[in-house]
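Just so it is clear: chains get the letters A, B, ... in the order the sequence lines come, proteins before strands, and each one is counted from 1.
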Amino acid sequence: MRYQWRLSSERGVPVESYKRIIIEDIKQHVPSAEIALEVPPDPKLGDLALPCFPLAPVLRKSPAAIAADLKGKIGQHDFIDKVEVVGGYLNFYLNRTTVIRDTVNAILAEGQSYGSSGSGRGKRALVEHTSINPNASPHVGRARNALIGDSIVRMLRFEGYDVEVHYFVNDVGKQIAMLVLGAEGRESVTFDELLGVYVDINRRVEEDPELEKKVFALLSRLESGDEDAIKSFRQIVDVCIDGQTRILGELGIRYDVFKYESDYVSRGVTGEILGRLQATGKLEKDTDGRFVLNLEGYDLPSRAPYVVLTRADGTSLYPLRDIAYTIDKVLTGRNPNIVVLGEDQKLYFQQVRAALDILGYAAPVSVHYSFVLLPDGKMSTRQGTVVLLEDFMKEAVAKATEEMEKRHGEADEAIAKAVAYGAVKYAILKVANERNVTFDWESALSFEGDTGPYLQYCHARINSIIRRAGGELPAGADFSVLTEDIEFELAKELAQFPSAVSQAVAECSPHIVANAAARVARAFSTFYNQCPVLNADDERVRDARLLLCASVKQVIGNGMSLLGIDPVESM
RNA sequence: GCGCCCGUAGCUCAGUGGAUUAGAGCAACGGACUUCUAAUCCGUAGGCCGAAGGUUCGAGUCCUUCCGGGCGUACCA
């Protein structure tokens, strides 16, 4: 299907250009003030409003008087039906036909890029996310990192950025060394066995200090370049990474670059960083013989202004390896340079930022999210209350399959997966980053209401209408025949979508997109139940509604793709 | 103890540089499928926006204190 549309308004989002025009009009009379329009709480009060309260001190008149004054100063525009003064507000009633027509035309013209401001065209960005301890299968808490990160990647690409996605692989360190030790003597270890191995060795190390010494000895051998150590570490890490990327890949989450911590050690980068820090005079050797970085003056909320970079035996600690890697990322010149981290890493990343500052680099931007909790409290590996992402996915697929069989007698595997994963992703992405997600199976596996499948369902229903219309859309339509309130409300929701995307991008907050898409879907469902499309009495109404539906499909589809939710044609 | 984040309907969550009457979903109750997919829609009920002060003509939104939860607070990553 190809669309050839002429935009009746200038390029971009119609409602935004209406706002610009109105603001221009007002500025001619009150040039000094900041003018901002907002959307009234009730459609009865109009579609756009100017609160005149902030102007009162400037003009030294009452808001109501200012509103009354300005009312006469608004020029004649085809998109404005009437302007009314209510209290201190100047309320604008937009012309329904113009809004619907301009919005639908803009959407069909811009298609997959409707909602994008193009802010990233010609620019390069970098996003690091997931980077989890490779010791086992990710639980839904860890998955939140990958989901948020992946959505940010999608949003940036939507904005036009060339994005490089990074995964920083933790293949050094105590935890991995313990895994290597725990797996010693085994022929091979599968990904699913890792958690058991890890729990077991953890217990043994706690009980036996001698064993812990062996762990550190192993680490030391690795860092000094011992071939056997390197080989056995790499073997375990490969199992971890394969397992994790298989699960995340199943959800459509992919990475461009895997950087290994060990690489920064073996290439001598960590040593070099240490040398450069030494030259700044901020690096100190403490009484235990460890290298610590003095962060005095950075006002960090920690008891002691130090970050420890090495063990006494000279082996590197995570912060040092991460500093080396982070500098590497900075040197790519990509901007924005984003890293997604749990809220437990807030202070830690301030330390990294300080370390980079000492070396003269600007640190990446960190996006933090809060942990996923269970209704009874935290997830605990020891109490066995963690919900593994893979289990969540499997349960969701089972339920989606069951629902499809109930409805159609059979289930399409690909669609069942799309619906299931849509539910999984939406359940986590709909919550604002800084809030804890409360995970309970019942609502997480719900396909009704404010869920991923709700979006997919709307999309599928519209597709069904278009299919029954013969797959062809009318070349144009007379939108003045769309007189129902809900048709106008729906168009306004569609028009709102781009500013939601812009905000979501600016704040790295996928939940804003989730909400915006859900609003459109809700408005559509109301419309759907109230307004027949193919069965409309009038051919002109049919055509106009068909194009309205096609725009809704596009917008919901764009929203879903930003969340990484697969649109389905039927379900 | 100190620092950061969160506290909105029974439950899960929205709420845009303060601004016209605080919104959804789930659960509950009552309705709507011979009509484009009922994974839907419509209606009813449900709120001292954690508490108390403060700033403002105006506060869920800003400030202070307190309470509750999450996360930190050098030798894990």
Side-chain angles (χ1 to χ4, degrees), chain A residues 34 36 38-42 45 49 51-54 56 62-63 86-89 91 131-133 135 170 172-176 261 286 288 290 292-293 295 300-312 317-319 321-322 342-348 350-351 368 370-371 373 375 377-378 400 403-404 406-408 419 427 430-438 440 442-444 446-451 453-454 456-458 460-469 499-500 503 507 511-512 514-515 518-519 522 525-526 528-536 545 549 570-571:
Chain A
E34 274 290 304
E38 55 190 46
V39 178
D42 189 321
L45 293 164
C52 297
F53 306 94
S62 78
V86 179
Y89 288 89
N91 291 338
S131 302
I132 45 185
N133 294 346
N135 56 20
N170 171 242
V172 193
K174 192 177 170 186
Q175 305 202 27
I176 278 291
E261 289 183 26
D286 73 359
D288 297 330
R290 305 166 310 177
V292 301
L293 187 59
L295 265 23
L300 300 181
S302 131
R303 287 176 214 241
Y306 293 99
V307 58
V308 182
L309 299 182
T310 70
R311 295 189 179 85
L317 288 168
Y318 180 73
R321 303 189 294 270
D322 194 23
E343 67 170 332
D344 55 335
Q345 314 259 307
K346 273 187 187 172
L347 167 60
Y348 164 72
Q350 287 183 62
Q351 293 173 330
H368 297 276
S370 294
F371 287 173
L373 305 177
K378 313 179 202 184
E403 294 289 330
M404 286 191 79
K406 202 161 76 191
R407 288 173 175 76
H408 311 298
V419 171
K430 74 170 172 178
V431 181
N433 296 167
E434 59 275 12
R435 287 184 59 129
N436 289 105
V437 169
T438 306
D440 73 283
E442 193 188 327
S443 60
S446 169
F447 297 161
E448 290 168 20
D450 189 20
T451 65
Y454 181 82
Q456 291 167 315
Y457 187 62
C458 283
R461 281 172 133 187
I462 298 169
N463 187 64
S464 174
I465 292 175
I466 294 173
R467 195 180 57 238
R468 284 169 189 273
S499 61
Q503 196 192 344
E507 297 175 15
H511 86 280
I512 295 172
N515 265 290
R519 287 173 65 100
R522 234 177 284 131
S525 291
T526 301
Y528 182 89
N529 276 270
Q530 199 172 309
C531 303
V533 179
L534 300 177
N535 304 325
R545 284 183 177 162
C549 285
S570 66
M571 66 185 271

Confirm from the modelled atom types if Arg303(A) and A74(B) form a donor-acceptor pair under 3.5 Å, side chain to base only. no
What does [X] touch in the nucleic acid at a heavy-atom separation under 4.0 angstrom: a base, only the sugar-phosphate, or nothing?
| X | value |
| --- | --- |
| Ser443(A) | nothing |
| Ser446(A) | nothing |
| Glu343(A) | base |
| Asn170(A) | sugar-phosphate |
| Tyr454(A) | sugar-phosphate |
| Val86(A) | base |
| Ala432(A) | sugar-phosphate |
| Asp450(A) | sugar-phosphate |

Counting just side-chain N and O atoms, does Lys378(A) come under 4.0 Å of either OP1 or OP2 of C71(B)? yes
C36(B) phosphate, OP1 or OP2: any side-chain N/O from Arg545(A) under 4.0 angstrom? no
Under the criterion side-chain contact (heavy atoms from CB on, under 4.5 Å), I'd like the reasoning laid out for Leu295(A) against Gln350(A): C-alpha separation, chi angles, the key distance, then a yes or no. CA-CA 10 Å; Leu295(A) 265 23; Gln350(A) 287 183 62; over 6 Å; no
